[in-house]
Every structure is written in structure tokens, then in C-alpha cells.
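See structure below.
Small disclaimer: the values here were computed from a predicted structure and weren't measured.
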Amino acid sequence: TIELGPYAEMTIEPAGTVTISDADVDEQIEMLRRQHAEIKPVSRALQMGDQVDAAIFGTVDGEEVQHDEKAVLDLTEFLKPEGFAEALLGARMNDLREFSLTYPEDEENEKLAGKKVEYHVAVGEVREVVPPEADDSFAKTVGDYETLDALREAVAADLQRQHDAQARAKERLEAVE
């Protein structure tokens, strides 16, 4: 026979409620604006927010760790590794940039974690990314929303559902541990 322990005494602490902030919604709206942006070639130096074609070659101690001749990069503060976008700022089409960056110790790619990578980047076509204005017209292009406020409400509700689902999943995981 199997004897169960005091299972009735077991409890699971419910995850706290997450409040979706205006900043959370703003971040999602900005992502939607970028997804619906007009992208047009320009003949000027690279600026933050631009998109660029590039050939990227990276080495660690002479060993090739990155080789991408047809990369398309969005120059944002989110581009990894940290400092990569900044190293390309001011470059023009046909420029070659050489720089080195050190990956953090907690980098997911173990071959790069804590390593200093020597980069050679050939800059191709530079494109300006022009996001649409965040207004009622934009809301209509994103989906079935009559106003920007309606889109913001839908985004907030979706974020809340995502957070609630993550909280429930965490609770289930704790229940089986």
C-alpha cells in the first residue's frame, strides 16, 4: 500500500497580480509602429534607428565565430552585443568598420561568453525607418480598432493575459515540485 503524507496541509502561494503600466503599453505600441514603418534607402551616414545591410565577420583568437555576408541589422540599443550598433554609427555605404567587443560572462552562446570578438563589418545599403504616427489612422491599419485608445486598451488586455498565463504556469510548476 501507498501511504500519502499530509497532502491536505500543502498550499501554493498564488502569484501576485501584475499591473500593466502605460510604459508597458507604450513599448508595445512602439514595436507595432516599427513593424508598420516605411523603410526607404538613404545616402547618408548611419543613425540610430536605421536599418542596414552588412557583411559581418567576427573572430576570437583568430578563430571565426561569426560569418554573415547578408545580414540585415536594425540599429537599436537592443542590438547585441552591447556597443555593436554604436560602433556602426556614422558609417556610410561601402565603409569598413573594424572594432572589438567583449561579450558578457552570462552570454547564452557559450563560445562567446566572456570573449573579446574582433569584428570586421562591411556596410551596405543604409535605410531610414520611418514609423507611422501613433494615431487613430495607425490603429486602423494595425487591426480592427477605430481609435488609438481602443488599440491601447487591447494591447493592455493582451499584456495582462500574457502575465496572468505566466503566473498560472509558475503556480503549476511550483505545485509539482
Is there a side chain to side chain contact (heavy atoms under 4.5 Å, CB included) between Leu46 and Asp95? Walk through the geometry before answering. CA-CA 11 Å; Leu46 268 169; Asp95 281 357; over 6 Å; no

Distance-minimising heavy-atom pair for Asp53 and Arg127: OD1-NH2, 2.8 Å

Same cluster (ILVMFWY, side-chain, under 4.5 Å), Leu79 and Leu89: yes

Heavy-atom closest pair, residues Leu159 and Asp24: CD1-O, 3.8 Å

May I ask you to check whether over 12 heavy atoms, not counting those of Glu82, lie within 6.0 Å of atom CD? no

Should the heavy atoms of other residues, nucleotides or ligands under 6.0 Å from CG of Asp144 be counted, would the total exceed 12? no

Is it the case that the side chain of Arg34 and the backbone of Gly49 share a donor-acceptor pair, with hydrogens and angles ignored and the cut-off at 3.5 Å? yes

Is Val130 reachable from Leu32 through a run of hydrophobic residues whose side-chain heavy atoms are each under 4.5 Å from the next? no

Report yes if some heavy atom in the side chain of Glu133 is under 4.5 Å from a heavy atom in the side chain of Leu148; otherwise report no. no

Nearest-0.5 Å distance that lies between atom CZ in Arg33 and atom CG in Asp135: 9.0 Å

Go through the steps for Glu118 and His120 under the test side chain to side chain donor-acceptor pair (under 3.5 Å), then give the verdict. CA-CA 7 Å; Glu118 300 292 331; His120 301 272; 6.0 Å; no

Quick check for you: to the nearest 0.5 Å, what is the distance between Arg152 atom CZ and Ile29 atom CD1? 5.5 Å

How far does CG of Asp50 sit from CD of Glu128, to the nearest 0.5 angstrom? 6.5 Å

Path from Tyr145 to Ile20 over hydrophobic side-chain contacts below 4.5 Å: yes

Does any part of the side chain of Val65, heavy atoms only, come nearer than 4.5 Å to the side chain of Asn109, both counted from C-beta? no

Show the nearest heavy-atom pair for residues Ala122 and Leu96, with the distance to one decimal. N-CD1, 3.9 Å

In short, Ala37 meets Val129 closest at the heavy-atom pair CB-CG1, 3.5 Å

For Glu108, I'd like to know if atom CD has over 12 heavy atoms of other residues, nucleotides or ligands within 6.0 Å. no

For the student: nearest non-hydrogen atoms of Val123 and Ala91, plus distance: CG2-CB, 3.8 Å

Is atom CD of Glu86 surrounded by more than 12 heavy atoms (other residues, nucleotides or ligands) closer than 6.0 Å? yes

Using the rule that Ile, Leu, Val, Met, Phe, Trp and Tyr join whenever any side-chain heavy atoms are under 4.5 Å apart, tell me whether Phe84 and Val72 fall into a single cluster. no

Anything under 30° is parallel, anything over 60° is perpendicular, the rest tilted; go ahead and classify Tyr103 against Tyr119. tilted

Do Lys116 and Asp61 sit within salt-bridge range, that is, some charged N less than 4.0 Å from a carboxylate O? no

Going by an N to O cut-off under 4.0 Å, is there a salt bridge joining Asp164 and Arg161? no

When rounded to the nearest 0.5 angstrom, what distance separates CD in Gln28 from CG in Leu151? 10.5 Å

Distance col, row Asp149:CG vs Asp136:CG, nearest 0.5 angstrom, shows 7.5 Å

Could you walk me through whether Val126 and Val52 satisfy the side chain to side chain contact (heavy atoms under 4.5 Å, CB included) test, starting with their C-alpha distance in whole Å, then the side-chain angles of each, then the deciding distance to 0.1 Å, before giving a yes or no? CA-CA 5 Å; Val126 175; Val52 63; 4.3 Å; yes

Give the minimum heavy-atom separation between Ala55 and Phe57, together with the two atoms involved. CB-CE1, 3.9 Å

Find out whether Val121 and Ile56 are in side-chain contact, i.e. whether some heavy atom of one side chain is under 4.5 Å from a heavy atom of the other. yes

Rounded to the nearest 0.5 Å, how far apart are CE of Met48 and OG1 of Thr76? 7.0 Å

Is there a continuous path of hydrophobic side-chain contacts, each under 4.5 Å between heavy atoms, that joins Val60 to Phe99? yes

Apply side chain to side chain contact (heavy atoms under 4.5 Å, CB included) to residues Lys115 and Glu107 and explain how you reach the verdict. CA-CA 9 Å; Lys115 301 284 196 240; Glu107 167 64 32; over 6 Å; no

